[in-house]
Amino acid sequence: MACRPARVLSQPATSPTLRFLDEYRIPFAKEFQQTRIGGLSGIDYDTARKVYYIISDDRSERFPARFYAARIDIKNEKIDTVVFLNTTLLKNNDGNFYLSEKEDPLHTPDPESIRYNPVAGYWLWTNEGERKPAGNPPVLQDPSVNIINVGGLKIDSFNIPGQFHMQPTDRGPRRNSVFEGATFADNFTSLYISLEEPLYNDGPRAGLDDVSGIIRLIKYDVPTRKAVAQYAYRIDPVRYAPDAAGKFIINGVSEILNYDDHRLLIVERAFSTGRLACDVRVYLADVSGATDVSDLDSLSQASNIHLISKKLLLDMATTNRYIDNIEGITFGPLLPNGNKTLLFISDDNFLPLQQSQILLFEILE
């Protein structure tokens, strides 16, 4: 059944603009502390330590699952240097490092987003899980939101609502399209987690010239680790056709970042086979007044719900440069003029034709 029209609330009249400042490219296959830097899919800034935490989506295939601490020095509105400081290997709650798919197919990690909570003093990373119902052995590993300490040890996790458990049939999350984004809000008392693509039962994936793709955001109460709401957000169609009919295309939410008490920055990242560059757009999304859809089994049959509103802030095509697979976003330090900075990072998929980019923007309010 086609999705009936859903109402989208109006966006506040005032919103920021983003001014491109600089780009930095991390050398391909850069070696650091017996690992290879790549697959960088999440970034967060620790304002007290002036350090960035950057997670790799390496599924313990090349090197153990991990995140890095790095210093990104900004001078004269340019990225002057990027220095990696430390590597933290992720561990499960038994204190063991995560193994590769070949070694332990039922528990292979798929890291995507990382956030630091300075109030509680812990790090959080999202795991997309795995869905291979026809595999040998079959794998239905639920996605997870994991809390770790300074040593990378899992010490707690957030409760996952039933809609997001992996299913053997075409219900629940799609493979590799689950907990892609995360951001703390409300002075670290709330947490938002975003899906990359729609659940099977919420409707089809984004296609060319359609308006049907709707994903969910989960809002958590941080002290209790429990979900308190879910909101629906409509993703854009895929802008570019593939180089041949039937080839792979995708658009989804690759990361989110809390902007103020009711608005989020949402990164939509699209790819079409035949194009090396990605199509990346950044939206300012307003969750105030959006309908809580926690009790809805399917958004494809929902009517009279308020979607999260969205306003385009940046089409990265307007920077007139190659844009790779942008998967991370964070605020950076203030500029000398007092304006905030915004940094994006890309995932090179450990491929020589792709790039680990860091893009720097100034926020003009």
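Every heavy atom of this structure was used, including side-chain atoms; hydrogens, water molecules and symmetry mates were not.
Using a 3.5 Å distance cut-off with no hydrogens or angles, the side chains of Gln354 and Asn349 do pair a donor with an acceptor. In summary, the side chains of Gln163 and Asp202 do not present any donor paired with an acceptor at a separation below 3.5 Å, with no hydrogens or angles considered. Between Glu23 and Tyr322, the side chains place no donor N or O within less than 3.5 Å of an acceptor N or O (distance only, hydrogens not considered).
When the options Asp142, Asp170, Asp110 are evaluated for a salt bridge (Lys or Arg N to Asp or Glu O under 4.0 Å) with Arg131, the one that passes is Asp170. A ring-ring contact (aromatic ring centres under 6.0 Å, His included) with Trp123 holds for exactly one of Tyr68, Phe184, Tyr53; it is Tyr53. Checking Leu18, Thr341, Leu335 one by one against Glu362, the side-chain contact (heavy atoms from CB on, under 4.5 Å) holds for a single residue, Leu335. Results of the side-chain contact (heavy atoms from CB on, under 4.5 Å) test with Gln230 over Thr291, Val293, Asp295 single out Val293 as the only residue that passes. The one candidate from Arg205, Glu268, Glu197 that meets the side chain to side chain donor-acceptor pair (under 3.5 Å) condition with Asn251 is Glu268.
Salt bridge annotation for Asp297-Arg171: present, with a cationic side-chain nitrogen under 4.0 angstrom from a carboxylate oxygen. Arg234 and Asp210 are not joined by a salt bridge, as no carboxylate oxygen comes within less than 4.0 angstrom of a charged side-chain nitrogen. At a threshold of 4.0 Å, the pair Lys75-Asp73 does not count as salt-bridged, since none of the basic side-chain nitrogens sits closer than that to a carboxylate oxygen. A salt bridge is defined here as a Lys NZ or Arg NE, NH1 or NH2 lying under 4.0 Å from an Asp or Glu carboxylate O, and Arg281 with Asp279 meets this definition. Taking a cutoff of 4.0 Å between a charged side-chain nitrogen and a carboxylate oxygen, Arg269 and Glu196 qualify as a salt bridge. A salt bridge links Arg239 to Asp315: at least one charged side-chain nitrogen sits closer than 4.0 Å to a carboxylate oxygen. The residues Glu255 and Arg115 are annotated as salt-bridged, a charged nitrogen and a carboxylate oxygen being separated by less than 4.0 angstrom.
No side-chain heavy atom of Phe158 sits less than 4.5 Å from a side-chain heavy atom of Ile218. Annotation: side chain of Tyr200 is not in contact with side chain of Ser300 (no heavy-atom distance under 4.5 Å).
Every side-chain hydrogen bond (donor to acceptor under 3.5 Å, both in side chains) that Gln141 has, sequence neighbours left out, goes to Asn127. For Glu101, the side-chain hydrogen bond (donor to acceptor under 3.5 Å, both in side chains) partners at least two apart in sequence or on another chain are Lys132. With sequence neighbours excluded, the residues forming a side-chain contact (heavy atoms from CB on, under 4.5 Å) with Thr273 are Pro242, Asp243, Lys247, Phe248, Phe271, listed by chain and number.
The two residues Leu99 and Pro109 come nearest to each other via the heavy atoms O-CD, 3.6 Å.
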